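It should be emphasised that the depicted structure is a prediction, and the values quoted were computed from it without experimental measurement. What you see below is based on every heavy atom in this structure, not just the backbone, and it leaves out hydrogens, waters and symmetry mates.
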Amino acid sequence: MIDMWDDEKIHAFQKTLLKWYDEAGRSTLPWRADHSPYRVWVSEIMLQQTQVSTVIPYFNRFMQAFPTVDDLAKAPEADLLKAWEGLGYYSRVRNMQKAAQQIVNDFDGAWPNTMQTLEALKGVGPYTAAAIASIAFNEPVAAIDGNAFRVFARLFEIDADIAQPATRKLFFELGNQIIDQERPGDFNQAIMDLGSSYMSAKNSDPAHSPVREFDASYQNGTTDLYPVKSKAKKAKPVHYAAMVIKNDDTYLWEKRPEIGLLANFWTVPLFNIDDFVNDRDVNWSETEIQNALEKQLFEQYGVKVDLTKRNLAPITHIYTHQKWFVSVFEGTVVQDQVPKQGEWKTMTDLNRDPQPKIQEKIWKKLS
DNA sequence: TATCCGTGGAT
DNA sequence: TATCCAAGGAT
């Protein structure tokens, strides 16, 4: 199992780590300017599965637009999604608003101030709760994110698979044993800074790490073996026809379902055409696919359409579990009529809605 | 427990 | 190009 350090070594590690953090940590990150729970929380949610350099401009704009938890609680959802547009994992911002309303309504505006009570907030799991509790409220709990998994796995040569949810408990208990009791928030952030520099996933430099004396994997030359992580499944290919249908100066536009991928986002109609696609590339009879698409537009949307252009070279867009191949079709309505499903909107109107990246790619593909 | 949920960057 | 990684959480 784990070759646990004695108290003396733990204290030496804390001292070495925090000394380095004070001298070389990323002190200029905007969410480190102060440790108010609101700022810490917003930054932690944005940073989930998202790189620091990506988050910085979003964070600054978000704090301008929604300076307090009250502002966030009462903001229109469209404004929130527009502020989040391009960040991905959009349920994060929807859950954030629900959590803001929990704080305002259920807790009378007072922040929960322990890891355990913070986990009651929507979208706040074990990692984020520990991060807020330690950074904003000085509670000595380990925040186990991807960095902490990697750093601890290397320091102690831990062979448990970090892709297994059950492994989180092991790392959490280890972290709680070595966390600095006086400066838990700085300790957690120091581990993250270490994990994004000397002990990063790629281009690590353990020989110059401030904690190399404590790094068993470096001492034994096994850095590349840690962390142990099982491989993710490959994304499943899915084929769509994007229907860009014009009616004078408007386009056919519809809202996606409330749950699932890109929930509630507006896009042009996207038809699944896996049935028309052979193996790995478009391979269909021209008249067959064209007739099928026009038929579906009439039956599902109630509009008669003349398809005029097609782009057989598909756009590709990769999600975590799906790889989309999107062929863009253009057409015009034969006669003006109100659609059974979706709406006609001008380009000006639809640019006001937040759009997923795939929709941007579709617009760019138009001839 | 396994799967789902976006996007951008690095190699 | 394919793959992995990036301050995870909900179901």
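- Checked against B/dA10, C/dA7, B/dC4, the side chain of A/D145 finds its nearest nucleotide in C/dA7.
- Taking only side-chain nitrogens and oxygens, A/Y90 comes nearer than 4.0 Å to OP1 or OP2 of B/dT7.
- Between A/K122 and A/W31, it is A/W31 whose nearest contact on DNA chain C lies nearer the 5' terminus.
- If you look at A/F156 and A/Y226, their ring centroids are not closer than 6.0 Å.
- Comparing atom distances between the A/P356 side chain and each of B/dT3, B/dT7, B/dG9 picks out B/dT7 as nearest.
- Neither OP1 nor OP2 of B/dC5 sits under 4.0 Å from any side-chain N or O of A/Q48.
- Proximity note for A/T320 (side chain, C-beta onward) versus B/dC5, C/dG9, B/dT1: the nearest is B/dC5.
- Within 4.0 Å (heavy atoms only), A/R94 reaches no atom of the nucleic acid at all.
- As judged by a 4.0 angstrom heavy-atom cut-off over every strand, A/T50 is placed among the base-contacting residues.
- Comparing atom distances between the A/Q49 side chain and each of C/dA7, C/dC5, C/dG8 picks out C/dG8 as nearest.
- Within 4.0 Å (heavy atoms only), A/N203 reaches sugar-phosphate atoms of the nucleic acid but no base atom.
- Residue contacts for A/G260: at a heavy-atom cut-off of 4.0 Å it reaches the sugar-phosphate backbone alone, with no base atom in range.
- In DNA chain C, consecutive stretches of 3 or more Watson-Crick or G-U wobble pairs with both distances under 3.5 Å are given as paired ranges: B:2-5 with C:8-11, B:7-11 with C:2-6.
- The nearest heavy atom of DNA chain C to A/K231 and to A/P126 marks one nucleotide each, and the one closer to the 5' end goes with A/K231.
- Closest contact between the side chain of A/K202 and the listed nucleotides C/dA7, B/dC5, C/dC5 involves C/dC5.
- Using a 4.5 Å heavy-atom threshold, the side chains of A/W266 and A/R256 count as separate.
- At a threshold of 4.0 angstrom between heavy atoms, the contacts of A/I191 with the nucleic acid are absent.
- If you check every strand for non-hydrogen atoms under 4.0 Å, A/V52 touches a base.
- Residue A/A201 places its side chain closer to C/dA6 than to any other of B/dG6, C/dG8, C/dA6.
- If A/S53 and A/K233 are placed on DNA chain B by their nearest nucleotide, the residue sitting closer to the 5' end is A/K233.
- Remark: aromatic rings of A/H317 and A/Y319 are close, center separation under 6.0 Å.
- Under a cut-off of 6.0 angstrom, the local environment of CD in A/E213 is sparse, with at most 12 non-hydrogen atoms contributed by other residues, nucleotides or ligands.
- For A/N95, no side-chain nitrogen or oxygen approaches OP1 or OP2 of C/dG8 to under 4.0 Å.
- The side chain of A/H317 lies closest to B/dT7, out of C/dC5, B/dT7, B/dG6.
- Taking 4.0 angstrom as the limit, A/K229 places a side-chain polar atom (N or O) nearer than this to OP1 or OP2 of C/dC5.
- A/Q189 comes within 4.0 angstrom of no nucleic acid atom, judged by non-hydrogen atoms across all strands.
- For A/W84 and A/Y58, the gap between ring centers reaches or exceeds 6.0 Å.
- Looking at the side chain of A/Y127, the nearest of the listed nucleotides C/dT3, C/dA7, B/dG6 is C/dA7.
- Two rings, from A/Y251 and A/W363, have their centers less than 6.0 Å apart.
- Residue A/I45 is classed as having no contact, given no heavy-atom separation below 4.0 Å to the nucleic acid.
- Whole-Å rounding puts the A/Y89 OH to C/dT11 P distance at 15 Å.
- Distances shown here put every side-chain N or O of A/R26 at or beyond 4.0 Å from the OP1 or OP2 atom of C/dA7.
- Put simply, CZ on A/R256 is 12 Å from C1' on B/dG6, counting in whole angstrom units.
- Within the 3.5 Å criterion, the main-chain N or O of A/M115 finds a donor-acceptor partner in the side chain of A/E139.
- Nucleotides C/dA6 and B/dC5 place their P atoms 22 Å apart, quoted to the nearest Å.
- Residue A/K323 has a polar side-chain atom (N or O) positioned under 4.0 Å from OP1 or OP2 of C/dA2.
- Only the P atoms considered, C/dA7 is 24 Å distant from B/dC4, to the nearest whole Å.
- If A/P165 and A/H321 are placed on DNA chain B by their nearest nucleotide, the residue sitting closer to the 5' end is A/P165.
- For C/dG9, the base has no donor-acceptor partner in the side chain of A/T128 [N/O atoms by modelled type, under 3.5 angstrom].
- A donor atom on one side chain and an acceptor atom on the other are not found under 3.5 Å apart for A/H321 and A/K236.
- For the residue pair A/E77 and A/Q97, no side-chain donor N or O sits within less than 3.5 Å of a side-chain acceptor on the partner.
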